Amino acid sequence: MTHGKRLARLTTGALAASALLATGLAAAPAAVATAPAAAVQGTAPSCVKRDVIKHKKYVKVTNLCGEAMHLKVVIDWGNDSPCLTYQHGEQWEWNWGRGSYGKVVTC
């Protein structure tokens, strides 16, 4: 293969990759295809009380919001809790083995 043909192939491949990146198709499909049905909305409001004991890998969460909340505990580098519905006044505990407490989010 001559140098000119190799350069043409590299340039064509680079243009195709650039076109995919420009349209957002290169990275987006994997994220969209694997997104869970109950996607995380954001950090839970301050009416959701968190009592965290990091060295024991334990958190107790209490819903004081006056309404039902869909919540989950996010563990950085570990297993998150499931996203469940908690009524006003309900509390629950979550323990984890690996990772560290991240935050409580709505879902």
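Only heavy atoms go into these numbers, but all of them, side chains included; no hydrogens, no water, no symmetry mates. Fair warning: this is a prediction, and the values are worked out from it, not measured in the lab.
- With sequence neighbours left out, His70 forms a side-chain hydrogen bond (donor to acceptor under 3.5 Å, both in side chains) with Thr85.
- Looking at Ile53 and Asp51, their side chains never come closer than 4.5 Å, going by heavy atoms from C-beta outward.
- For Asn95, the side-chain contact (heavy atoms from CB on, under 4.5 Å) partners are Tyr58, not counting sequence neighbours.
- Within the structure, the salt bridge (charged side-chain N to carboxylate O under 4.0 Å, His left out) test picks out the following pairs touching residues 78-102 (sequence neighbours left out): Lys72-Asp80.
- Residue pairs satisfying the disulfide bond (SG atoms under 2.5 Å apart) criterion with at least one member in residues 44-77, sequence neighbours excluded, are listed as follows: Cys47-Cys65.
- Sequence neighbours left out, not one pair with a member in residues 56-68 passes salt bridge (charged side-chain N to carboxylate O under 4.0 Å, His left out).
- Listed by chain and number, the hydrophobic cluster partners of Met69 are Val48, Val52, Val59, Val61, Leu71, Val73, Ile75, Leu84, Tyr86, Trp92, Trp94, Trp96, Tyr101, Val104, where partners are ILVMFWY side chains within reach of under 4.5 Å, directly or through others.
- Within the model, atoms CG of Leu64 and NE2 of His88 stand 6.5 Å from one another, a figure rounded to the nearest 0.5 Å.
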